[in-house]
Amino acid sequence: MSTDLHDAPEPIRSATSARSAASAARSAADPAAPPPPGLTPAAVATLHELVIDWFDAHARDLPWRRPDAGAWSVMVSEFMLQQTPVARVLPVHAEWLARWPRPADLAAESPGEAVRAWGRLGYPRRALRLHAAAGAIAHRHGGEVPGSHAELLALPGVGEYTAAAVASFAYGRRHIVLDTNVRRVFARVVGGVEHPPNATTAAERRTAEGLLPADEATAARWAAATMELGALVCTARSPQCGRCPVAALCAWRLAGSPPHAGPPRRGQSYAGTDRQVRGRLLAVLRASREPVPQAALDAVWHEPVQRARALDGLVEDGLVEPLADGVYRLPH
DNA sequence: CAGCCGTGGCA
DNA sequence: TTGCCAAGGCT
């Protein structure tokens with residue numbers, strides 16, 4: 001146990017305080033936060049030990065987790081893993097790190113090259129934001145990925161989760177790391193329900209803070225371990241409770257694994273949406289090293305109004321650069 | 001803050 | 001087959 005617990009007085013903030021400051025305050029976990037209701041400090045300590053021991057035995061050997069992986073590798077992985085499965089990220093992450101081993105290397109490229117190298121990971125605006133973040137790191141941070149949550153949060157494409165993840169995984173800092181996996185694990189083990197709320201709540205942050213180990217290195221381990229548990233065992237569909245190290249302590253399990261009550265969880269529609277059209281348009285542009293004539297883009301979608309709206313949106317987002325004479329290319 | 005932003009695998 | 005889901009962020 002750490003003996004240098006210090007008080008972290010809640011800063012008084014006006015309603016107009018900056019988003020980054022407010023988020024940083026939220027994620028800077030209070031070492032004195034109480035355990036969640038119904039859990040004794042001893043139970044929390046048991047939870048830590050069981051989950052971290054399980055992690056030591058079952059963690060996947062992922063490139064961005066290896067001892068020689070730098071903060072840049074971690075940061076690239078976190079961008080790519082935003083809403084994209086690990087299996088699809090692995091090859092692209094390897095390509096990126098080999099091609100752009102430092103943030104400045106990526107920053108020296110055109111944004112279009114980042115979008116092209118993003119391939120089919122999806123949500124290509126992430127490639128643009130990562131490219132912009134690399135530029136900010138190169139120019140404002142001496143080429144080194146910053147280690148503080150606030151500085152990370154100021155980078156494009158870095159939100160509360162990614163800032164905490166990079167600070168924790170790359171720098172061993174103590175932060176609550178609330179991704180979809182961790183939120184689901186806590187919803188079940190502590191909350192006794194099958195699924196967390198749609199959006200992260202203050203109650204979830206309090207729970208996470210109450211569970212966060214006081215010791216910095218243990219906290220970072222805990223963050224990775226709870227995330228891995230959610231990814232491999234405590235999955236959204238058909239969880240493997242028989243392989244769960246904390247099944248005996250799980251509130252959801254102890255309650256008989258009741259199915260999700262509440263309103264149905266909203267899914268993402270896709271077929272026929274602008275997103276699908278944008279995807280097809282960008283696929284054509286990624287595949288061509290030369291600027292693409294309008295006719296080639298027109299061929300991907302039958303409906304002209306939606307097609308034009310999608311293309312306009314891509315241009316608006318900076319993913320496509322219009323040239324003269326109705327010719328388009330990825331941005332230079 | 002609810003809706004938008006890609007893509008593909010799997011139950 | 002179709003819906004659900006995957007290490008979110010931004011407006």
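The analysis underlying the following values was restricted to heavy atoms, covering all of them including side chains, and did not include hydrogens, waters or symmetry mates. Source: prediction; values computed, not measured.
Within 4.0 Å of A:Arg286, counting heavy atoms only, lie sugar-phosphate atoms of the nucleic acid but no base atom. Nucleic acid contact for A:Trp118: none, since no nucleic acid atom lies under 4.0 Å from a heavy atom of the residue. Here A:Asp274 lies in heavy-atom contact (under 4.0 Å) with sugar-phosphate atoms only. Looking at heavy-atom distances under 4.0 Å, A:Arg184 makes contact with sugar-phosphate atoms alone, never a base. Residue contacts shown for A:Leu121 include a base, since a base heavy atom lies under 4.0 Å away. Among the atoms of the strands shown, only primed sugar atoms or phosphate atoms (P, OP1, OP2) are found under 4.0 Å from some heavy atom of A:Arg120. Using a 4.0 Å heavy-atom distance criterion, A:Leu62 is classed as a base contact.
When DNA chain B is scanned in the 5' to 3' direction for atoms under 4.0 Å from non-hydrogen atoms of chain A, the outermost contacting nucleotides are B:dC5 to B:dG9.
When each of A:Arg129 and A:Asn181 is assigned the nucleotide of DNA chain C bearing its nearest heavy atom, the one mapping closer to the 5' terminus is A:Asn181. If A:His195 and A:Tyr123 are placed on DNA chain C by their nearest nucleotide, the residue sitting closer to the 5' end is A:His195.
Using atom C1' as the reference point in both B:dC5 and C:dA6, the two lie 15 Å apart (nearest Å). Annotation: B:dG8 and C:dG9 have their P atoms spaced 23 Å apart (nearest Å). For the P atoms, the distance from B:dG6 to C:dT11 is 14 Å, rounded to whole Å. A gap of 23 Å separates the P atoms of B:dC4 and C:dA7, to the nearest Å.
The stretch residues 68-99 of chain A touches DNA chain B through A:Gln83, A:Thr84, A:Arg88, each having a heavy atom within less than 4.0 Å of the strand. Within residues 228-241 of chain A, the residues that have a heavy atom under 4.0 Å from DNA chain B are, in order of number, A:Arg237. Interface residues of residues 289-301 of chain A facing DNA chain C, ordered by number: none; criterion, heavy-atom separation under 4.0 Å.
Below 30°, between 30° and 60°, or above 60°: for A:Trp118 and A:Trp96 the angle between ring planes is above 60°, a perpendicular geometry.
Taking CZ of A:Arg309 as the start and CD of A:Glu303 as the end, the distance is 7.5 Å to the nearest 0.5 Å.
Atom-to-atom, CG of A:Asn198 to P of C:dA6 comes out at 12 Å; the value is rounded to the nearest Å. Atom CG in A:Leu152 sits roughly 15 Å away from atom C1' in C:dG9 (whole-Å rounding). As a whole-Å value, the separation of A:Asp179 CG from C:dC5 P is 15 Å.
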Anything under 3.5 Å between a donor and an acceptor, one on a side chain of residues 278-287 of chain A, the other on a protein residue two or more places apart or in another chain? List them.
from	atom 1	to	atom 2	distance (Å)
A:Arg278	NH1	A:Asp317	OD2	3.0
A:Arg278	NH2	A:Asp317	OD2	2.8
A:Arg280	NH1	A:Val300	O	3.1
A:Arg286	NE	A:Gly119	O	3.4
A:Arg286	NH1	A:Gly119	O	3.3

Check residues 323-332 of chain A and write down every donor-acceptor pair under 3.5 Å in which the side-chain atom is one partner and the other belongs to a residue at least two apart or another chain.
from	atom 1	to	atom 2	distance (Å)
A:Tyr328	OH	A:Gln294	OE1	3.3
A:Arg329	NE	A:Glu321	OE2	3.1
A:Arg329	NH2	A:Glu321	OE2	2.7

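Using a 4.0 Å cut-off between a side-chain N of Lys or Arg and a carboxylate O of Asp or Glu, A:Glu228 and A:Arg65 qualify as a salt bridge. The pair A:Arg99-A:Asp105 does not meet the salt-bridge criterion, since no charged nitrogen lies less than 4.0 angstrom from a carboxylate oxygen.
Formation of a donor-acceptor pair under 3.5 Å by the A:His93 side chain with backbone atoms of A:Val76 is not found in this model. Between the A:Arg307 side chain and the A:Trp301 main chain, a donor and an acceptor come within less than 3.5 Å of each other. Of the possible polar contacts, one joining the A:Glu204 side chain to the A:Thr201 backbone as a donor-acceptor pair under 3.5 Å is found. Distance alone, capped at 3.5 Å, is enough to place a donor-acceptor pair between the A:Thr226 side chain and the A:Ala223 backbone.
For A:Glu113 and A:Ser110, the side-chain atoms include no donor-acceptor pair closer than 3.5 Å.
When all heavy atoms are compared, the tightest approach of A:His175 to A:Ala164 is CB-CB, 3.9 Å.
For the side-chain contact (heavy atoms from CB on, under 4.5 Å) with A:Asn181, the lone residue among A:Leu178, A:Asp179, A:Val177 that qualifies is A:Asp179.
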